[in-house]
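What follows is a short report on a single structure.
The structure presented is a predicted model; accordingly, all values stated were derived computationally and were not measured.
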Amino acid sequence: MLSKLFKNKSIVFKASIVYVVVGFLNKAIGIITIPIFTRLLSTAEMGVSTTYISWQLMIYPVTSLSLVSGSLFLAMKEFKNERDKYESSILSISTLVTIVVFAIYLCFHTQLNKLLTLPAELITFMFICLLFQPALDIWMVRQRYEYKVRKMAIVTLATNVGSALVAVLAVLYFQNKGTNLGIVRIVGTYGTIALFSLYYFIFIFKRGRTFYNKKFWDFAIKLSIPLMFHTIGKNILDVSDQSMISLLCGKSEAGIYGTIYSVASLSLIVWTAINNAFVPYLFEKLDSNTDRDVHDVNRITMVLLLLFAAASLCLTAVAPEIVRLLMTDAYFGAVYLIPAITGGIYLTCVYNIFANVVLYYKKPSYIMYGTLFAAAVNILLNFVLIRKFGYQAAAYNTLIACVLLSLVQGFAMSRVRKKPLYNYKTIFLISAGTIILSLSFNVLYRTTLIRYLMIAAIAAIIFAYRNKIKNMIFELKEADTNE
């Protein structure tokens, strides 16, 4: 169906499908391993894993300067005949920065180890992974931009299958040897990914052979520094909850919350895949910027919002069954956090549709300010409310911060682009309806029969009006055909 939304854009449609399939396969690998890890690792050992992942996600934007974020898509367009040189040039930047940040850590390791609540050996291992990780990410971005989906799919699946398999085998081997299995899981997973990254680290430098280029460095740093702070802020929204829960409540609570969050984020696969394929199309439409293009972008965006809202609500509806299938009873009490978490994750889609436009106009500082503001609100709410109400408060704090982020980014887009692009009223109605329906499942979880009757009723309504829905979706195709 989505192919008809992209007339003469079959490559975009094919890429979207591949990204979705690969994303679901990768997530499926994670889902298969969740029952294994939740049964072999204690909640405290799971907490070590989630704490490590949280800190790596927050430190990575600093060591990489977010050079492989949205600015790399712009660079692929800006330096289309010098992509190899640009890649090796920015990889040298991230390499130097990682070494500097690690040196700073060594100077203050005693204090930082207490803050990160991780052993020094594990933090050193983290920096080794951070040194090579940008190479794999740079290569992946280029494959997506050039729609070389086959290579991207093969490498992505090989990396994830390999890292999951090594982690499971390592945990099974060290199960009765008195070793912290949370650390074993981390080393098995990220050590394998680091080996893949090392290969592309050598490959990019060998192909590009450019350590320093003032033109490239100026372009990359100017755009990436604001995006670095934005990414840090966004990661704070996404994963700092687990770090703060670990500090304020303990690793067991962090392990429960982090595992539940991984289930709630399943719907994000759909949006990540669609957004990766949609951004080049959006940039092309903004280049021409005709009334027809504006109409096309708005219509497609509204349909994508509805699709992602449906995916989020479907996941929320069956969350108790997913948790019972994948986890032990120790995790089931936290199922009531999933509606708030999925509501916040849905707003990632809303924020992205605004931020993509802001980035196109090369105003990353606008994105940065909004994200840092939302992250600061999230940290403040967590610090106050987790102490008072327990770790469960983190899910609702993040939802509030995501609402603020979406509003601020919408305002930022209206500042950088005076000509209207999206129908704000429709976005508000879809978003408000999605969040309200999502939160309502906290009540419906207590009544399984009513919950399934509601799901059946929604499915029946969609089926009854399927022709009208198809006509609405395909209206864009018909308009294009008549031109």
Side-chain angles (χ1 to χ4, degrees), residues 54 57-58 60-62 64-74 221-241 244 265 268 271-272 275-276 278-279 282-283 286 297-298 301 304-305 308 340-383 394-428 430-432 434-435:
S54 299
L57 285 172
M58 284 190 280
Y60 181 53
V62 178
S64 68
L65 293 185
S66 287
L67 293 165
V68 292
S69 59
S71 64
L72 187 52
F73 269 106
L74 290 175
I221 293 173
K222 181 180 178 180
L223 288 175
S224 295
I225 292 296
L227 289 175
M228 177 190 74
F229 288 104
H230 152 69
T231 306
I232 293 171
K234 188 63 174 65
N235 286 341
I236 288 173
L237 285 177
D238 292 340
V239 299
S240 69
D241 293 347
M244 295 192 71
S265 62
L268 195 57
W271 175 248
T272 301
N275 193 53
N276 282 336
F278 182 65
V279 167
L282 172 66
F283 285 3
L286 291 176
V297 168
N298 180 67
T301 302
L304 295 181
L305 276 175
F308 187 56
I341 295 173
T342 53
I345 290 173
Y346 161 78
L347 290 171
T348 297
C349 170
V350 179
Y351 138 76
N352 273 149
I353 67 172
F354 297 138
N356 288 337
V357 178
V358 176
L359 182 61
Y360 170 82
Y361 287 102
K362 298 181 181 178
K363 298 290 184 180
S365 58
Y366 283 73
I367 302 175
M368 174 188 72
Y369 296 140
T371 311
L372 290 179
F373 169 70
V377 170
N378 189 50
I379 290 175
L380 179 62
L381 290 175
N382 278 341
F383 186 77
Y396 295 91
N397 296 338
T398 301
L399 175 59
I400 293 170
C402 287
V403 170
L404 293 175
L405 177 61
S406 299
L407 292 173
V408 172
Q409 297 296 357
F411 175 74
M413 195 200 84
S414 68
R415 290 288 303 272
V416 301
R417 179 185 169 85
K418 303 301 181 183
K419 184 179 180 180
L421 181 64
Y422 299 131
N423 187 320
Y424 290 106
K425 182 179 179 180
T426 303
I427 293 173
F428 173 79
I430 295 172
S431 302
T434 301
I435 293 171

- [ ] Can you establish whether the number of heavy atoms outside Lys425 located under 6.0 Å from its atom NZ is more than 12?
- [x] no
TODO: Give, for atom CG of Leu404 and atom CG of Leu399, the distance between the pair rounded to the nearest 0.5 Å.
DONE: 10.0 Å
Task: Rounded distance [0.5 Å steps], CG in Asn378 versus CD1 in Ile400 - done: 9.0 Å
Open item on the list: Run the side-chain contact (heavy atoms from CB on, under 4.5 Å) test against Leu407 and tell me which residues pass, sequence neighbours left out.
Closed with: Val403
TODO: Output the distance between atom CG (Leu223) and atom CG (Leu359), rounded to the nearest 0.5 Å.
DONE: 7.5 Å
Task: Least distance between heavy atoms, Leu405 atom then Ala374 atom - done: CB-CB, 3.8 Å
Task: Whether Tyr360 and Phe283 hold their rings parallel, tilted or perpendicular, with breakpoints at 30° and 60° - done: tilted
Task: Nearest non-hydrogen partners of Tyr424 and Gly410, listed with the distance - done: OH-O, 3.9 Å
Task: Main-chain N/O of Asn423 paired to Asn298 side chain as donor or acceptor, under 3.5 Å - done: yes
TODO: Please report the closest heavy-atom contact between Ile353 and Val350, naming both atoms and the distance.
DONE: CG1-O, 3.0 Å
TODO: Might you confirm whether atom CZ of Phe428 has over 12 heavy atoms from other residues, nucleotides or ligands at distances under 6.0 Å?
DONE: no
Task: Note, Tyr422 side chain near Val297 side chain (heavy atom, < 4.5 Å) - done: yes
TODO: Looking only at non-hydrogen atoms, find the nearest pair between Met413 and Leu421 and report the distance.
DONE: CE-CB, 4.3 Å
- [ ] Would you give the length of the straight line joining atom CZ of Phe411 to atom OH of Tyr366, rounded to the nearest 0.5 angstrom?
- [x] 8.5 Å
TODO: Could you tell me which non-hydrogen atom of Cys402 sits nearest to which non-hydrogen atom of Gly344, and how far apart they are?
DONE: SG-O, 3.7 Å
- [ ] Rounded to the nearest 0.5 Å, what's the gap from CG on Leu347 to CZ on Phe308? Could you check?
- [x] 9.0 Å
Open item on the list: Rounded at 0.5 Å granularity, tell me how far CG in Asn356 sits from OH in Tyr361.
Closed with: 12.5 Å
- [ ] Would you name the heavy atoms of Val416 and Lys363 that are closest together and state the gap between them?
- [x] CG1-CG, 3.7 Å
